[in-house]
Protein chains: 2
Amino acid sequence: MAETDRLNKRNAIRRENERVILSAAEKVFAEAGFGGATMQLIADMAGLPKANLHYYFATKEELYRKVVERIFVIWLQAADRLDNAPDAATGIGGYIEAKMEMSRRHPFGSKVWASEVMHGAPVIQDYLETALRDWTEGRIAAIRRWIDEGQIDPIDPRHLLYMIWATTQHYADFGHQIETLNGGRPLSGRQWAEAKESVKAVILRGIGAVPARAGPA
Amino acid sequence: MAETDRLNKRNAIRRENERVILSAAEKVFAEAGFGGATMQLIADMAGLPKANLHYYFATKEELYRKVVERIFVIWLQAADRLDNAPDAATGIGGYIEAKMEMSRRHPFGSKVWASEVMHGAPVIQDYLETALRDWTEGRIAAIRRWIDEGQIDPIDPRHLLYMIWATTQHYADFGHQIETLNGGRPLSGRQWAEAKESVKAVILRGIGAVPARAGPA
DNA sequence: TCGTTTTCTGACCGTATGGTCAGGGTCGAG
DNA sequence: CTCGACCCTGACCATACGGTCAGAAAACGA
């Protein structure tokens, strides 16, 4: 087998440490921003000496880039629900659900992404111009098809996508504000479900999408 | 007249310098985050020596706090359109319009606010728990009234507010991403108008609000 | 066991940053 | 004109931060 795939102790250590560092970095970058984050803070959170971080990731920029790249991959993966959907309502509804789950399970990643974009995407501008642009064009075409088929009202697909991104990611990025307005408590499982249903209902109704089981009369 | 209101040269200088500094600070904080912003950068942008900034604002934290407080006031002011509206569609539609205008005209402020909240609102937590919470409760009551009157579908008013905030502020906070997906060009006046109409249309239809002029048959 | 490679880390360094301050300049009131 | 209050700023300081490095420790293959 290839040398890099060997499952000896060294590789295990490396993999585990990289995982721990990336996870700690994601959290610290999310909570403090790139400028506010320090290698010492990340090291403490990872339970490793600072010098050890620099052994695995040469610079703060490199570590940050790895964090953002990982998030970007997850971001694009959520699109599975949009593709191969039997109809518009199922596809868009499923995509909203998937993104709401992501906001719930990966709030730090969402915040890092938001922060990166807000600051002009200094690190992942190339991804925006290639991968994200291509991805977006593909979904726009799919949405246009649904419009042509009369499954949803005519609407600029871009604004629909922005709306979905904005609304779903808001529950992660502005989670602290939502929590404060919720009496200082995090949303319960029930409240998350209600949020998901509200968002789905308003958007699907807003674009005139009929539920799958209720075909046109 | 009161001493603080005198229009002598000294007061003019003070007012003008504070304005210039706050404006520069808003931009720098928005583009670099609190941690990434430096007093030197803000000073350069304001065209003043760094020491002069510290003459008007003792610390970086104080300057930042003033910036955020100013944004918060503007944020709350946009609610005028929601209050005293003749009906739900006009009120909510007007509020969306006002917030879209704010995203267009004050993108830096929106970003600073987003950044502050994302990082756990270390500076304005008290505002969230008092002013924002009170404001929100008031609007929730108003929305509930519209629901009871049958003007809009039953929906948790909180999620409706979050949706409006998320969608409208997205055009400021994620403006760079939108610009990139728009071929690298900022949205034109026409595109902004389309965005505004799209958002309004989807949300108003999504909550079953009928336009003001088209009363129930 | 031995030599080699990889992992680990305390101590250290140069720089950038927030903040200070003494002293000079400007304005306005009387 | 004079004096006091306010405005301005170059030079400076202490600290914190990203990053380096020599050398110890551990893992590995033979």
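Naming convention: chains lettered A, B, ... in sequence-line order (proteins, then strands); numbering from 1 in each chain.
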[atom1] of [X] versus [atom2] of [N]: gap in Å, rounded?
| X | N | atom1 | atom2 | value |
| --- | --- | --- | --- | --- |
| Y64(B) | dT17(C) | OH | P | 19 Å |
| I21(A) | dC8(C) | CD1 | C1' | 11 Å |
| Y56(B) | dG19(C) | OH | C1' | 18 Å |
| L63(A) | dG19(D) | CG | P | 10 Å |
| E62(B) | dG18(C) | CD | C1' | 14 Å |
| E16(B) | dC7(D) | CD | P | 14 Å |
| L48(B) | dC8(D) | CG | C1' | 10 Å |
| L53(A) | dG18(D) | CG | C1' | 12 Å |

Worksheet entry | By side chain to side chain contact (heavy atoms under 4.5 Å, CB included) - contacts of R81(A) (at least two apart) |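 Testing R81(A) for side chain to side chain contact (heavy atoms under 4.5 Å, CB included), a comparison that skips the adjacent residues, returns E97(A), A98(A).
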Residue-phosphate contact under 4.0 Å: [X] side-chain N/O, [N] OP1/OP2:
| X | N | answer |
| --- | --- | --- |
| R14(A) | dT6(C) | no |
| Y55(B) | dC8(D) | no |
| N11(B) | dC6(D) | no |

Worksheet item: Can you check whether I140(A) reaches D156(A) side chain to side chain, under 4.5 Å on heavy atoms?
Response: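 Sidechains of D156(A) and I140(A): no contact.
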Worksheet item: With side chains defined as the heavy atoms from C-beta onward, is the minimum distance between M118(B) and S115(A) less than 4.5 Å?
Response: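 With C-beta onward as the side chain, the pair touches.
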Item to complete: List in chain and number order the residues that pass salt bridge (Lys or Arg N to Asp or Glu O under 4.0 Å) with R190(A), two or more places apart in sequence or in another chain; answer none if no residue qualifies.
Response: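 With neighbours one apart ignored, the set is E194(A).
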Item to complete: Output all residues satisfying salt bridge (Lys or Arg N to Asp or Glu O under 4.0 Å) with E116(A), sequence neighbours left out; order by chain, then residue number.
Response: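 E116(A) satisfies salt bridge (Lys or Arg N to Asp or Glu O under 4.0 Å) with no other residue.
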Nearest-nucleotide pick for [X], side chain only, options being [options]:
| X | options | value |
| --- | --- | --- |
| H54(B) | dG19(C), dC8(D), dG19(D) | dG19(C) |
| A51(A) | dC21(D), dT7(C), dC7(D) | dC21(D) |
| T59(B) | dC7(D), dT9(D), dG19(C) | dG19(C) |
| P49(A) | dC8(D), dT9(C), dC8(C) | dT9(C) |

Worksheet item: Is the NZ or CZ atom of K66(A) both under 6.0 Å from the centre of the six-membered ring of F57(A) and within 45° of that ring's axis?
Response: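 No - K66(A) does not lie over the ring of F57(A) by the 6.0 Å and 45° rule.
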Worksheet item: If you count the non-hydrogen atoms of other residues, nucleotides and ligands that lie under 6.0 Å from CG in N84(A), is the total more than 12?
Response: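 Open: at most 12 neighbouring heavy atoms sit under 6.0 Å from CG of N84(A).
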Fill in: Other residues, nucleotides, ligands: >12 heavy atoms within 6.0 Å of Y64(A) OH
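Yes, OH of Y64(A) has more than 12 neighbouring heavy atoms, counting only those of other groups under 6.0 Å.
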Discussion item. Classify the ring geometry of H159(B) against Y162(B): parallel below 30°, tilted from 30° to 60°, perpendicular beyond 60°.
Written reply: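 Because their plane-to-plane angle is over 60°, the rings of H159(B) and Y162(B) count as perpendicular.
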Worksheet item: In terms of the angle between their ring planes, are Y95(B) and W135(B) parallel, tilted or perpendicular, with boundaries placed at 30° and 60°?
Response: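 Ring orientation, 0 to 90° scale: tilted.
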Practice prompt. Would you give a per-nucleotide map of nucleotides 12-17 of chain D, 5' to 3', where B means the base has a protein non-hydrogen atom under 4.0 Å away, S means only the sugar-phosphate does, and - means neither?
Written response: -----S
Fill in: Axial bend angle, the helix from dT1(C)-dA30(D) to dG30(C)-dC1(D): five-pair end segments, nearest 10°
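The helix from dT1(C)-dA30(D) to dG30(C)-dC1(D) shows an end-to-end axis angle of 20°.
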Worksheet item: Taking the side chain from T167(A) and the backbone from I164(A), do they hold a donor-acceptor pair closer than 3.5 Å?
Response: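 Absent.
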Discussion item. Between N182(A) and G184(A) (side chain of the first, backbone of the second, donor and acceptor by atom type, cut-off under 3.5 Å), is there such a pair?
Written reply: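 Such a contact is absent between N182(A) side chain and G184(A) backbone.
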Check nucleotides 23-27 of chain C for protein N or O atoms closer than 3.5 Å to its own N or O atoms and list the pairs.
unit_1: dT26(C); atom_1: O2; unit_2: R10(B); atom_2: NH2; d: 3.4
unit_1: dC27(C); atom_1: OP1; unit_2: K9(B); atom_2: NZ; d: 2.9
unit_1: dC27(C); atom_1: O2; unit_2: R10(B); atom_2: NH2; d: 2.4

